[in-house]
Protein chains: 2
Amino acid sequence: MNIAVRPRTRIQNEKREAILEAALDVFSAEGFRGATIDRIADAAGMSKPNLLYYFRRKEDIHVELIGRMLEKWLDPLRALSAQGDPVSELRSYIRRKLEMSRDFPRESRLFANEVLQGAPRILPLLQGELRELVDEKSAVLRDWMRQGRIRRTDPWHLIFAIWATTQHYADFDVQVRAVLGPDRGGEGRFEDAARFLEELFVRGLLPS
Amino acid sequence: MNIAVRPRTRIQNEKREAILEAALDVFSAEGFRGATIDRIADAAGMSKPNLLYYFRRKEDIHVELIGRMLEKWLDPLRALSAQGDPVSELRSYIRRKLEMSRDFPRESRLFANEVLQGAPRILPLLQGELRELVDEKSAVLRDWMRQGRIRRTDPWHLIFAIWATTQHYADFDVQVRAVLGPDRGGEGRFEDAARFLEELFVRGLLPS
DNA sequence: TAACAGTTGGACCAATTGGTCAAACACCCG
DNA sequence: CGGGTGTTTGACCAATTGGTCCAACTGTTA
């Protein structure tokens, strides 16, 4: 009866996953307020009261989704290692972020929607966990700069620039495809973007 | 009586502007579906039926707002001149876009909201006007590349990168401020960003 | 200042929405 | 196979929402 305390049954696991999958579709496309429980239930192939049996409030679904997504979203930055070669570390960070835009665009848009509307539900996470992680990696970057292994520049804005350029291909996908047109807008656009961005940032980072 | 045909009265001009101003606040913060007529009317200091006397449907306000915004949004790219010096043209394009993020963040977020949700109301504009403009300016960039005045690279993705990095400071403002913290997150962040971005792109563009 | 066009908002409406409830139904284990 | 736990849904509810109507009010102009 009490879903929160007891261990999950087989059906609970399956249905919760189905709901989260459907909700990711709907939330990422319509935003939190634009998404309706009816639509999510419909997409998950169940009735609304049935959905509400697994998640008691609409917001509970959103919280669970954002939580999972944030972990995935932070992984590439966590993987940036102070021990590695600076340029290839940053190069693979860019590549990984771009791959995430290609492979998980809904997650990216879910996050973008949330931040765009003032991050009402995750502001503490941004000010805490995210900020600490960025500070930590900024320190790594600054060390590399002090050692003359990459150019001296602002590490925070460098990270912002990587986020912005890579996520652009998920969040503004419609616009990117509209501008590139049917010919250039195919799947190849991610490879073109990867080539362009790696070159842009590597040239910006190499000591002159 | 028929507002659409007759010339506007003094009151009509004033009230319509007040409504659009209030609606920009609400739409950019909550998205189209999240925004309610009540909130807009409230923010504009009038009753809901009074607001609906000036704009008969919620969508009419949105259409007017998006139309005005798109013009302003395209201006900086339009100003990119084939006659100027390539590097300083691109430098001032970046600066102008960043100033727009600083001075008109609501407009940027309104646009981001729309595109994020699949641009249902402006897709034709993106595929038409925007695409043509970008094609035209891409041709200018390619000419500069052929002449050896800037490095050979992908002009479309270069433009995307400029859009993404500059608009990031408006669209993801909450996140930027959360990560920078109270000290570094003040007004100075735009100057830091300007310095960083101009350097990044100039280094990416200079022929090696 | 009279009279008409333009303006305003309280009351109202139907549709949508998030969420509840209870009764029926299915699954699993002894 | 019986009984209890877990699952499902139709009916329902109150709040919100986009939008209408109309009667009252105001600004302007002859």
Side-chain angles (χ1 to χ4, degrees), chain A residues 1-27 29-66 113-114 117 120-121, chain B residues 1-27 29-66 113-114 117 120-121:
Chain A
M1 179 172 275
N2 189 331
I3 296 179
V5 184
R6 302 214 186 173
R8 302 258 162 80
T9 66
R10 191 205 81 223
I11 294 183
Q12 274 169 30
N13 284 325
E14 290 172 7
K15 293 296 169 83
R16 284 175 65 95
E17 286 310 312
I19 291 167
L20 289 169
E21 167 64 22
L24 181 55
D25 257 11
V26 180
F27 278 132
E30 324 256 5
F32 181 75
R33 298 209 50 184
T36 71
I37 300 182
D38 279 286
R39 282 182 64 104
I40 298 171
D42 213 52
M46 62 184 74
S47 66
K48 181 167 66 166
N50 197 185
L51 181 149
L52 286 165
Y53 172 72
Y54 294 104
F55 291 90
R56 297 171 80 163
R57 290 175 310 160
K58 177 183 168 185
E59 195 171 342
D60 292 349
I61 312 174
H62 196 252
V63 166
E64 174 79 22
L65 227 37
I66 289 260
N113 254 310
E114 179 69 10
Q117 302 189 1
R121 283 163 267 269
Chain B
M1 179 172 277
N2 190 331
I3 296 179
V5 183
R6 299 215 188 173
R8 303 258 160 80
T9 66
R10 192 205 81 223
I11 295 183
Q12 274 169 28
N13 284 326
E14 289 171 6
K15 293 296 169 85
R16 285 175 63 96
E17 285 310 312
I19 291 167
L20 289 169
E21 167 64 24
L24 181 54
D25 257 11
V26 180
F27 278 133
E30 323 257 3
F32 181 75
R33 298 209 50 184
T36 72
I37 301 182
D38 278 288
R39 282 181 64 103
I40 298 172
D42 214 52
M46 63 183 73
S47 66
K48 182 168 68 168
N50 196 185
L51 181 150
L52 286 164
Y53 172 71
Y54 293 104
F55 292 89
R56 297 173 80 163
R57 291 175 310 158
K58 177 183 168 184
E59 194 171 342
D60 291 349
I61 312 175
H62 196 253
V63 166
E64 174 79 25
L65 227 36
I66 288 262
N113 254 310
E114 179 69 11
Q117 303 190 1
R121 282 164 265 272

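Everything numeric here is computed off the predicted structure, so don't read it as measured data. Chain A is the first sequence line, chain B the second, and so forth, proteins listed ahead of strands; every chain is numbered from 1.
- One can place CD1 of Ile61(A) at 12 Å from C1' of dG19(C), the figure rounded to the nearest angstrom.
- Of all nucleotides listed (dT8(C), dT7(C), dT7(D)), dT8(C) comes nearest to the side chain of Ser47(B).
- Arg57(A) places its CZ atom 15 Å from the C1' atom of dT20(C), with the value rounded to the nearest Å.
- For the pair Thr9(A) and dT7(D), the criterion of a side-chain N or O lying under 4.0 Å from OP1 or OP2 is met.
- Two residues are said to be in side-chain contact when any heavy atoms from C-beta on lie closer than 4.5 Å; Arg121(B) and Ile66(B) fail this criterion.
- To the nearest angstrom, C1' of dT7(C) lies 11 Å from CZ of Arg10(B).
- The separation between Ile40(B) atom CD1 and dT17(D) atom C1' is 12 Å, rounded to whole Å.
- The distance between atom CD of Glu30(A) and atom P of dT16(C), rounded to the nearest whole Å, is 15 Å.
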Side chain to side chain contact (heavy atoms under 4.5 Å, CB included) between Leu65(A) and Phe27(A), worked out: CA-CA 9 Å; Leu65(A) 227 37; Phe27(A) 278 132; 3.8 Å; yes
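- Closest to the side chain of Tyr54(B), from the set dT8(C), dT8(D), dG19(C), is dT8(C).
- Both Leu52(A) and Pro49(B) lie near DNA chain C, and the one whose nearest nucleotide falls closer to the 5' end is Pro49(B).
- Among the atoms of the strands shown, none is found under 4.0 Å from any heavy atom of Ala41(A).
- Within 4.0 Å of Ile37(A), counting heavy atoms only, lie sugar-phosphate atoms of the nucleic acid but no base atom.
- In terms of position along DNA chain D, the nucleotide closest to Asn50(A) lies nearer the 5' end than the nucleotide closest to the other residue of the pair Lys58(B) and Asn50(A).
- Each of dT8(C), dG18(C), dG6(D) was ranked by its minimum atom distance to the side chain of Tyr53(B); first place goes to dT8(C).
- For the pair Leu51(A) CG and dG10(D) P, the computed distance is 15 Å after rounding to whole Å.
- What separates CZ of Phe55(A) from P of dT7(D) is a distance of 13 Å, to the nearest Å.
- Taken to the nearest 0.5 Å, the CZ atom of Arg16(B) stands 5.5 Å off from the CD atom of Glu64(B).
- Counting only heavy atoms from C-beta on, Thr36(B) has its side chain closest to dG18(D) among dG6(D), dG18(D), dG6(C).
- In this structure, Gln12(A) does not reach the dG6(D) phosphate: none of its side-chain N or O atoms is under 4.0 Å from OP1 or OP2.
- Contact annotation: the side chain of Gln117(B) approaches that of Asn113(A) to within less than 4.5 Å [non-hydrogen atoms, C-beta and beyond].
- Checking Leu24(A), Asn50(A), Ile61(A) one by one against Ile19(A), the side-chain contact (heavy atoms from CB on, under 4.5 Å) holds for a single residue, Ile61(A).
- Among the nucleotides dT17(C), dG10(C), dT28(D), the one closest to any side-chain atom of Arg33(B) is dT17(C).
- One atom, CG of Asp38(B), and another, P of dG18(D), lie 7 Å apart when rounded to the nearest Å.
- In the set dG18(D), dT7(D), dT7(C), dG18(D) carries the atom at the smallest distance from any side-chain atom of Lys48(B).
- Lys15(B) comes within contact range of the sugar-phosphate backbone alone, with a heavy-atom separation under 4.0 Å but no base atom that close.
- Open room surrounds CZ on Arg39(B); 12 or fewer heavy atoms of other groups in view lie less than 6.0 Å from it.
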